[in-house]
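The structure under discussion appears below in the form of structure tokens.
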Amino acid sequence: MPELPECEASRKAVEAGALNRTIEGFEEHNTIHLELPGPQDRDRLKGHQFTETHRHGKHIFAGSKSGPWIAVHLGMTGSLKTFDAPRDLPDYAHFIIRFEGDRRLIYYNPRKFGWMRVIDDPHDWIANKDLGPDAMEIGDNMFADRIGGSRGTVKSALLDQKKLAGVGNLWADEALYRAGIGPEVKGTELGSDRIATLYKEMRASLQGVLDVNADYGKLPGDWLIHNREEGADCPRCGGTITKKTVGGRTAYFCPDYQEAA
DNA sequence: TCCATTGTTGTGGG
DNA sequence: ACCCACAACAATGG
């Protein structure tokens, strides 16, 4: 799932392979129902270069001081990669920006939930979107206010992009697991100690995934990510991993390791 | 056939 | 007015 660390891996791919080259053209394949830049926006991009990238939560941006920017949302299955004149692209390489020298930036998205738009400025755009602070940028006090002040479940609060941008279903579960907090605990039931623990463990979860560039196979075996199956043994206490819908999403957690209230 | 995933949107309750 | 919960929607493969 492209959450903050996976989006960061895509941002890095853009940073490494798609900067400082003039945009020459576009290709698209099987793009029905996928929101992409239209003819006018493509004309705006053509002839410009991307010179910098930015990421906020699950949104990725590329552009330059004076030129247009692209804003990208990867939905649930998207990714960005660069190639030199690739052949044999899969069907889900839906949109391609072609730069000088045959370099290509490819927007993959098998499930087609997601989009790419052309915008003027990422910081203005973020400010107008009612997005919360990035989960790796937010400070401990603001985290405590936003998550601890939530009357709903702590899991719903972590997933709310207006409170905190970047955490999705997988890493919300991982953070709660590490913190020993049940997903159905209310934000307002968390004391300052447990909020502080959750803040620390959320950062540790995200940083751990960032450190392996979102290659899950490189994460330690005692992470919940490797045990997201009903009835699996909890790698930390020997309890049983349980599956339950919380806040409309599937939560996996260990009722023994994670306190209910 | 149903389920899983995401953000958005609309509705309704407190 | 605000906060929160829930359902529906989009595409697709398992």
Side-chain angles (χ1 to χ4, degrees), chain A residues 1-11 28-36 55-61 70-80 89-95 107-117 119 122 125-135 142-176 182-190 206 209 214 216 224-232 241-253 261:
Chain A
M1 297 306 117
E3 303 176 28
L4 186 153
E6 296 84 355
C7 292
E8 183 64 11
S10 280
R11 186 199 65 79
E28 61 176 89
H29 308 284
N30 185 26
T31 53
I32 289 188
H33 290 123
L34 195 55
E35 185 189 334
L36 294 169
R55 182 194 55 72
H56 185 97
K58 303 177 187 177
H59 293 91
I60 303 163
F61 307 88
I70 54 170
V72 181
H73 197 287
L74 300 175
M76 42 178 290
T77 55
S79 66
L80 295 167
L89 285 175
D91 292 343
Y92 50 83
H94 296 299
F95 189 65
Y107 180 51
Y108 294 91
N109 206 337
R111 288 289 187 281
K112 294 184 178 178
F113 295 177
W115 44 260
M116 181 187 295
R117 295 171 191 158
I119 64 169
W125 189 90
I126 291 162
N128 289 326
K129 279 291 284 185
D130 197 19
L131 281 173
D134 184 84
M142 191 179 284
F143 180 87
D145 286 347
R146 293 187 160 236
I147 303 302
S150 173
R151 285 179 278 123
T153 65
V154 61
K155 171 148 185 186
S156 296
L158 289 172
L159 293 177
D160 187 343
Q161 302 299 298
K162 292 192 275 299
K163 294 190 195 307
L164 184 71
V167 174
N169 201 36
L170 293 188
W171 306 130
D173 279 359
E174 196 76 46
L176 290 166
E184 294 180 286
V185 176
K186 310 282 192 244
T188 49
E189 292 171 341
L190 290 167
L206 296 174
V209 188
Y216 299 171
L224 182 64
I225 184 72
H226 299 306
N227 299 275
R228 292 178 68 84
E229 190 180 351
E230 179 138 50
I241 299 297
T242 301
K243 171 184 173 181
K244 184 170 184 183
T245 299
V246 178
R249 298 283 175 232
T250 306
Y252 289 89
F253 62 103

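The chains referred to below are lettered A, B, ... by the order of the sequence lines, with proteins before strands, and numbering in each begins at 1. These numbers come from the heavy atoms of this one structure, side chains and all, not from hydrogens, waters or symmetry mates.
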* Assign A/T188 to base, sugar-phosphate, or nothing according to its heavy-atom contacts below 4.0 angstrom with the strands shown. => nothing
* Centroid-to-centroid, A/H56 to A/W125, below 6.0 Å? -> no
* Any sub-3.5 Å donor-acceptor pair from A/T153's side-chain atoms to A/E184's backbone N or O? -> no
* To do: For A/K243, report the nucleic acid contact type (base, sugar-phosphate, nothing); a contact means any heavy atom under 4.0 Å.
  => sugar-phosphate
* Structure fact -> Taken in chain and number order and not counting sequence neighbours, the residues that satisfy side chain to side chain contact (heavy atoms under 4.5 Å, CB included) with A/D160 are A/K162, A/K163
* Asked: Within the structure shown, what part of the strands sits under 4.0 Å from A/G248 by heavy-atom distance: base, sugar-phosphate, or nothing?
  -> nothing
* Value in whole Å for how far the C1' atom of C/dC4 lies from CD1 of A/I147 -> 14 Å
Using atom names, set out every protein N or O paired with an N or O of nucleotides 12-14 of chain C below 3.5 Å, distance rounded to 0.1 Å.
{"from": "C/dT12", "atom 1": "OP1", "to": "A/K112", "atom 2": "NZ", "distance (Å)": "3.2"}
{"from": "C/dT12", "atom 1": "O2", "to": "A/R111", "atom 2": "NE", "distance (Å)": "2.8"}
{"from": "C/dT12", "atom 1": "O2", "to": "A/R111", "atom 2": "NH2", "distance (Å)": "3.4"}

* Asked: To the nearest angstrom, how far is A/K244 atom NZ from B/dA4 atom P?
  -> 15 Å
* Asked: Any donor-acceptor pair under 3.5 Å linking the side chain of A/K244 with the backbone of A/F253?
  -> no
* **Nearest-Å distance for atom pair CG/P, residues A/D160 and C/dC2** => 15 Å
Polar-atom pairs under 3.5 Å, protein N or O versus N or O of nucleotides 7-14 of chain B: list them with distances, or write none.
{"from": "B/dG7", "atom 1": "OP1", "to": "A/K58", "atom 2": "NZ", "distance (Å)": "2.4"}
{"from": "B/dG7", "atom 1": "OP2", "to": "A/K58", "atom 2": "NZ", "distance (Å)": "3.4"}
{"from": "B/dG7", "atom 1": "N7", "to": "A/R249", "atom 2": "NH2", "distance (Å)": "3.1"}
{"from": "B/dT8", "atom 1": "OP1", "to": "A/K129", "atom 2": "NZ", "distance (Å)": "3.2"}

* Report the nucleotide, chosen from C/dA5, B/dA4, C/dA10, that has the shortest atom-to-atom distance to any side-chain atom of A/S156. => C/dA5
* Rounded to whole angstroms, how far apart are CG on A/L36 and C1' on C/dA10? -> 14 Å
* To do: Please name all residues satisfying salt bridge (charged side-chain N to carboxylate O under 4.0 Å, His left out) with A/R117, sequence neighbours left out, ordered by chain then number.
  => A/E35
* To do: Check A/L131, A/I126, A/V72 against A/H59 for a side chain to side chain contact (heavy atoms under 4.5 Å, CB included) and give me the one that passes.
  => A/L131
* Asked: Is the backbone N or O of A/F113 less than 3.5 Å from a side-chain atom of A/N109, with the two atoms forming a donor-acceptor pair by type?
  -> yes
* To do: Apply ring pair (Phe, Tyr, Trp, His ring centres under 6.0 Å) to A/Y108 and list each qualifying residue two or more places apart in sequence or on a separate chain.
  => A/Y92
* Asked: To the nearest Å, how far apart are A/N169 CG and B/dC3 C1'?
  -> 14 Å
* Asked: What about A/H29 and A/H94, are their ring centers closer than 6.0 Å?
  -> no
* Structure fact -> Symbol by symbol from the 5' end, with Watson-Crick or G-U pairs under 3.5 Å, [ ] crossing and | another strand, DNA chain B is .|||||||||||||
* Would A/E6 and A/Y216 count as having a side-chain donor-acceptor pair, cut-off 3.5 Å? -> yes
* Nucleotide C/dC3, atom C1' - distance to CZ of A/R146 in whole Å -> 14 Å
* **Identified side chain to side chain contact (heavy atoms under 4.5 Å, CB included) partner of A/W171 from the options A/L224, A/L176, A/I225** => A/I225
